[in-house]
Amino acid sequence: MKAWMIGPFLITVNQLSLALAFVITYFFKKTLFKVEGKIKDEVSSSLVTGLIIFLLCYKGLPLITRFADVIKNPFIIVYSSSGLKGLFFALVIMVIYLFIKAYRSHFSMIQWMRIAFVYLFTYFLSFWMIRTLYFLFY
């Protein structure tokens, strides 16, 4: 795995690909998607909030699973990974949040989910393309 040291930070190809995919998806959302403004803003803000909930659940799971270790050394939350269980836990919490937001929205559930699917599909497709092109040429 290719990585670069920038000061105290280690930036990997996956992290850089995720950030570039976010920028590409944001650009496509603002320029190419022909959707009503109110629902587009509601879905995109809900997806960003869902991403923040995902990150908090993923990084905060050691607080529940390894409470004694976290009390001794609080930096475990920052430096340790929650693993596959934490990934699934955070993903389930995020999906539940998104379904609740879609259900409570005054827009139809089908329209809300269709826009969310297009955003997520664009994000993952651009991530996959950037990562594949990087490993193809370097």
Return the minimal non-hydrogen interatomic distance between [X] and [Y], and the atom names on each side.
X: Y58; Y: A90; result: N-CB, 3.7 Å
X: T25; Y: S126; result: OG1-OG, 3.9 Å
X: M94; Y: L51; result: SD-N, 4.2 Å
X: W112; Y: E42; result: NE1-OE2, 3.3 Å
X: I130; Y: S17; result: CG2-OG, 3.7 Å

Answer yes or no: are there more than 12 heavy-atom neighbours, outside [X] itself, under 6.0 Å from its atom [atom1]?
X: L136; atom1: CG; value: yes
X: F22; atom1: CZ; value: no
X: Y26; atom1: OH; value: no
X: F107; atom1: CZ; value: yes
X: M129; atom1: CE; value: no

Hphob cluster co-occupancy, [X] + [Y], side-chain heavy atoms under 4.5 angstrom:
X: W128; Y: Y123; answer: no
X: L91; Y: I96; answer: no
X: F27; Y: L125; answer: no
X: L133; Y: F135; answer: yes
X: M113; Y: I100; answer: no

Keeping S105 on the side-chain end and K101 on the backbone end, is there a donor-acceptor pair under 3.5 Å? no

Student check: side-chain heavy atoms of [X] and [Y] closer than 4.5 Å:
X: S46; Y: L98; value: yes
X: L16; Y: W4; value: yes
X: F127; Y: N14; value: yes

To the closest 0.5 Å, what do you measure between CZ (F88) and CG (L61)?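 Rounded to the nearest 0.5 Å, the CZ-CG separation comes out at 13.0 Å.
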
Just how far is it from atom CG of L20 to atom OH of Y134, taken to the nearest 0.5 Å?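 The distance works out to 12.0 Å.
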
Mind running side chain to side chain contact (heavy atoms under 4.5 Å, CB included) on F54 and I93 for me, showing each step along the way? CA-CA 7 Å; F54 175 83; I93 297 296; over 6 Å; no

